[in-house]
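Written out below as structure tokens is the structure these notes cover.
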Amino acid sequence: MTFKEQILQGIPEVLPEPKKYDPTINHAPKRKDILEAAEKRLALENALRYFDKKHHAELLPEFRNELEEYGRIYMYRFKPEYDFFARPIEDYPGKTVQAKAIMLMIQNNLDPEVAQHPEELITYGGNGSVFQNWAQYLLTMKYLAEMNDDQTLAMYSGHPMGIFPSNKNAPRVVVTNGMMVPNYSKPDDWEKFNALGVTQYGQMTAGSYMYIGPQGIVHGTTITVLNALRKIWQTSPSQEGKGPGDGALFLTSGLGGMSGAQPKAGNIAGCITICAEVNPKATQTRHKQGWVDEVINDLKELAERVEKARSNKEVVSIAYQGNIVEVWEYFAENDIYIDLGSDQTSLHNPWAGGYYPVGLSFAESNELMSQNPEKFKEKVQESLRRQVTAINKHTQKGTYFFDYGNAFLLEASRAGAKVYKDKNGSFVPSPSGRVREGQEWAYPSYVQDIMGPMCFDYGFGPFRWVCASGKEEDLQKTDKIATEVLQKLKQEAPEEIQQQMQDNIQWIQGAQENNLVVGSKARILYADAIGRIEIAKAFNKAIEKGEIGYVILGRDHHDVSGTDSPYRETSNIYDGSSFTADMAIQNVIGDSFRGATWVSIHNGGGVGWGEVINGGFGMILEGNEDSEERLKSMLFWDVNNGIARRSWARNKEAIFTAKRAMKSNPNLKLTIPNLVDAKLFD
């Protein structure tokens with residue numbers, strides 16, 4: 001059968017042959033055995049309902065074995081034989097361009113060059129899933145190929161519930177992931193209900209079909225590292241007069257899906273980067289793709305390489321094949337100065353492969369987490385305490401450490417690590433995971449110090465696009481169009497956002513030479529509402545003229561408006577509302593009737609299940625008047641919903657942006673806060 005015929009077949013009538021498990025592939029770790037006997041039967045019944053009764057007897061023992069062996073039913077037998085990658089949009093069967101665009105993005109998320117565990121349909125973060133099993137994938141692609149512009153597909157945590165009548169202005173797909181009744185969002189709740197096959201962790205852009213490989217976070221990481229370096233160059237006497245290429249050392253960890261962006265960002269920002277990784281396959285992948293320059297597995301050799309790079313004023317990224325705790329401790333013992341420090345392991349998922357404890361090999365950890373999860377948890381928490389102890393030694397010497405929104409401080413605090421400071425400035429523990437009276441976090445979130453006041457409050461966030469033609473020349477043309485738009489906007493931009501505009505122009509001009517593309521022909525830059533709208537309008541006009549093919553717009557949820565996350569995106573909201581999720585829910589509802597091609601809302605993300613609500617969208621530009629009306633309406637709302645909330649929280653940069661937005665559109669009327677004189681409380 002052709003590719004199109006296989007898509008239209010959906011779940012095959014004749015069972016494909018069982019597939020052998022390939023141990024050379026980067027598989028998801030085995031999940032812990034959490035279901036009771038009756039629940040395991042329920043999980044099997046849930047899986048079998050996708051198939052004709054005549055196949056149940058043959059599939060039951062196979063699915064039972066998967067559940068026992070891997071902790072989940074992935075239905076490996078049903079993974080298609082064709083290659084997974086973002087094909088040109090015309091290669092997909094279908095009645096609507098909008099549905100074809102979604103099919104393209106789904107396949108990009110499952111591309112082995114992009115996805116972390118493609119056999120288990122996991123894109124990144126250890127558990128960020130596109131689907132729970134291969135039957136869901138097959139059925140979803142068939143529905144997308146059959147639907148028209150007067151229908152909407154409802155996706156329930158990876159399961160295609162069905163195609164419903166709607167209208168051409170409605171989204172083609174509405175995605176929900178992990179939307180639990182509030183009291184059922186503890187980590188073990190995810191383990192249980194995911195094992196039952198009734199919910200999944202969509203992460204941020206995996207379950208939204210909008211992941212574009214590590215490039216998706218490289219730009220945000222570059223801005224974070226660059227501005228962290230600017231911060232220490234401005235405030236530290238020992239760093240006065242320094243700049244990119246002057247030997248600053250950035251130490252971090254994680255070379256998986258999103259965290260793999262760190263060494264590339266360090267190179268662009270102009271520093272020495274060490275990124276520790278325990279999984280050899282992840283290290284090899286990033287090295288092969290050119291995202292990290294060198295690989296070293298010996299601590300003494302690593303230290304010598306850092307000193308050589310400093311002496312020669314090199315800009316270089318180094319993967320340390322080993323545990324990050326070893327590096328923090330060795331560098332403390334040998335008095336090797338670290339300028340910047342962070343961590344980007346998947347600590348939202350600490351007990352199932354998101355963080356590997358020091359003292360155990362990668363294989364030993366994988367065995368322990370499934371065979372003895374309580375002992376594994378003890379090892380992880382012991383490791384976090386050791387890591388924080390070493391970090392504290394470095395920061396007392398001047399290292400600037402920041403939490404990178406991966407729940408590092410949160411899980412370290414729950415482990416009893418000393419990640420708080422009391423009123424005397426001493427490091428203290430607070431295992432509750434909440435700041436107590438007279439305490440504060442020892443280290444800021446990067447959103448509090450950098451991304452919040454410098455980007456989100458001004459409306460700047462990770463706007464991205466994908467060239468649906470799959471042509472390199474289309475990507476080059478869109479880069480050129482975006483650059484011209486930004487250069488023009490910079491001339492008219494107020495002083496407050498000149499730095500952000502210039503950083504983005506510099507980024508997009510160097511995007512091609514930095515070889516950022518993995519998977520689809522995609523690009524990302526940080527833009528505000530005006531920038532997003534003007535770039536999208538220019539793309540739409542170029543499509544209309546036949547200069548480029550269709551373009552798919554989207555963004556990371558790590559943005560101004562789409563995400564309520566008290567330990568990350570909204571950590572610089574100080575009016576007490578950081579634990580509320582109205583903004584993310586308003587965002588996805590508003591996007592859905594303002595023109596998005598698809599919308600999504602997730603429980604869970606970079607900081608953990610039950611810790612964040614994420615809203616996302618995708619939109620295809622078709623080069624017509626309808627597309628222009630949709631982009632103007634939806635992109636304006638998608639940013640300014642967040643500006644309104646941040647302004648109401650009394651963030652001064654957001655108040656400035658809110659007033660500017662109202663001037664640009666007379667139909668916008670926001671509630672602006674009246675500021676209270678602090679002297680009244682003296």
Side-chain angles (χ1 to χ4, degrees), residues 212-231 243-244 261 264-270 446-447 450-467 475-517 521-539 542 551 553-562 569 631 635-636 638-640 642-643 653-654 656-657 660-661 664:
I212 59 170
Q215 179 189 179
I217 195 171
V218 160
H219 188 28
T221 307
T222 300
I223 290 176
T224 301
V225 174
L226 184 60
N227 284 296
L229 290 169
R230 287 170 178 159
K231 189 180 181 71
K264 176 68 79 173
N267 282 4
I268 297 170
Y446 75 115
V447 173
I450 298 168
M451 298 304 290
M454 294 189 65
C455 292
F456 296 163
D457 287 351
Y458 282 120
F460 286 83
F463 180 59
R464 55 181 66 176
W465 65 88
V466 177
C467 297
L475 184 58
Q476 293 175 8
K477 288 175 184 177
T478 56
D479 282 348
K480 185 173 184 293
I481 291 169
T483 302
E484 290 171 351
V485 169
L486 290 175
Q487 287 172 332
K488 181 179 178 182
L489 291 175
K490 184 178 184 295
Q491 294 174 2
E492 305 161 357
E495 183 180 350
E496 287 85 348
I497 60 171
Q498 283 289 322
Q499 183 69 67
Q500 291 88 332
M501 298 295 290
Q502 184 55 44
D503 282 349
N504 277 291
I505 292 168
Q506 183 176 340
W507 162 268
I508 200 71
Q509 288 176 332
Q512 291 174 25
E513 66 186 61
N514 283 308
N515 299 316
L516 297 167
V517 171
K521 301 300 181 185
R523 188 67 75 220
I524 183 172
L525 59 78
Y526 268 51
D528 61 4
I530 295 172
R532 298 180 204 203
I533 291 169
E534 292 304 314
I535 291 170
K537 282 167 60 179
F539 288 167
V551 173
L553 303 181
R555 58 160 169 75
D556 194 351
H557 300 226
H558 173 252
D559 195 20
V560 182
S561 179
E569 283 81 358
L631 75 87
L635 294 177
F636 186 84
D638 191 65
V639 174
N640 283 300
I643 293 300
E653 296 88 356
F656 165 85
T657 309
R660 183 171 176 239
S664 73

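It should be emphasised that the depicted structure is a prediction, and the values quoted were computed from it without experimental measurement.
- Atom CD in Glu534 sits 13.5 Å away from atom CD in Glu484 (nearest 0.5 Å).
- In this structure, Lys488 does not pair ionically with Glu492, as no charged nitrogen and carboxylate oxygen lie closer than 4.0 Å.
- Proximity of Leu489 to Ile530: side-chain heavy atoms (C-beta onward) are separated by under 4.5 Å at one or more points.
- Looking only at side-chain heavy atoms (C-beta outward), Glu653 and Glu496 stay at 4.5 Å or farther from each other.
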Check: Taking it one step at a time, do Val551 and Val466 satisfy side-chain contact (heavy atoms from CB on, under 4.5 Å)?
Finding: CA-CA 6 Å; Val551 173; Val466 177; over 6 Å; no
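- Closest non-hydrogen pair, Ser561 versus Gly642, comes out as OG-N, 3.1 Å.
- In this structure, the side chains of Phe636 and Ser664 come closer than 4.5 Å at one or more pairs of heavy atoms.
- Atom CE of Met501 and atom CD of Gln487 lie 10.0 Å apart (nearest 0.5 Å).
- A salt bridge does not link Asp559 to Arg464: none of the charged side-chain nitrogens sits closer than 4.0 Å to a carboxylate oxygen.
- Looking at Arg523 and Gln476, their side chains never come closer than 4.5 Å, going by heavy atoms from C-beta outward.
- Among the candidates Val218, Ile217, Ile223, the single residue satisfying the side-chain contact (heavy atoms from CB on, under 4.5 Å) test with Thr221 is Ile217.
- One finds the NZ atom of Lys264 at 15.0 Å from the NE2 atom of His219 (value rounded to the nearest 0.5 Å).
- The two atoms that bring Gly459 and Val639 nearest to each other are O-CG1, 3.7 Å, heavy atoms only.
- Side-chain atoms of Pro494 and Arg660, non-hydrogen and from C-beta on, do get closer than 4.5 Å to each other.
- The CE atom of Met454 sits 9.5 Å away from the OG1 atom of Thr224 when rounded to the nearest 0.5 Å.
- For CD of Gln506, the number of neighbouring non-hydrogen atoms (other residues, nucleotides, ligands) closer than 6.0 Å is 12 at most.
- A 4.5 Å side-chain heavy-atom check between Leu486 and Leu525 finds at least one atom pair inside the cut-off.
- Counting only N and O atoms by type, the side chains of Thr478 and Trp465 include a donor and acceptor under 3.5 Å apart.
- Residues satisfying the ring pair (Phe, Tyr, Trp, His ring centres under 6.0 Å) criterion with Phe463, sequence neighbours excluded, are absent altogether.
- Shortest non-hydrogen contact noted between Ala529 and Leu635 is CB-O, 4.4 Å.
- In this structure, Asp479 and Thr483 approach most closely via the heavy-atom pair O-OG1, 2.8 Å.
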Would Phe539 and Ile481 count as a side-chain contact (heavy atoms from CB on, under 4.5 Å) here? Give the steps. CA-CA 7 Å; Phe539 288 167; Ile481 291 169; 3.8 Å; yes
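- Atom-to-atom distance recorded for Leu631:CG and Asp638:CG is 12.0 Å, nearest 0.5 angstrom.
- The shortest side-chain heavy-atom distance between Ile643 and Val560 falls under the 4.5 Å cut-off.
- In summary, the aromatic rings of Tyr446 and His558 are positioned with their centroids under 6.0 Å apart.
- The two residues Cys455 and Tyr526 come nearest to each other via the heavy atoms SG-CD2, 4.3 Å.
- Judged by distance alone, with hydrogens and angles left aside, the side-chain atoms of Thr657 form a donor-acceptor pair with the main-chain N or O of Asp457 at under 3.5 Å.
- Residues Arg230 and Asp503 are paired through a salt bridge, judged by an N-O separation under 4.0 Å between the basic side chain and the carboxylate.
- For the atom pair CG (Leu226) and NZ (Lys231), the distance works out to 13.5 Å, reported to the nearest 0.5 Å.
- In terms of heavy atoms, Asn504 sits closest to Phe460 at ND2-CD2, 4.1 Å.
- Ile524 is listed as a side-chain neighbour of Trp507, based on a closest heavy-atom distance under 4.5 Å.
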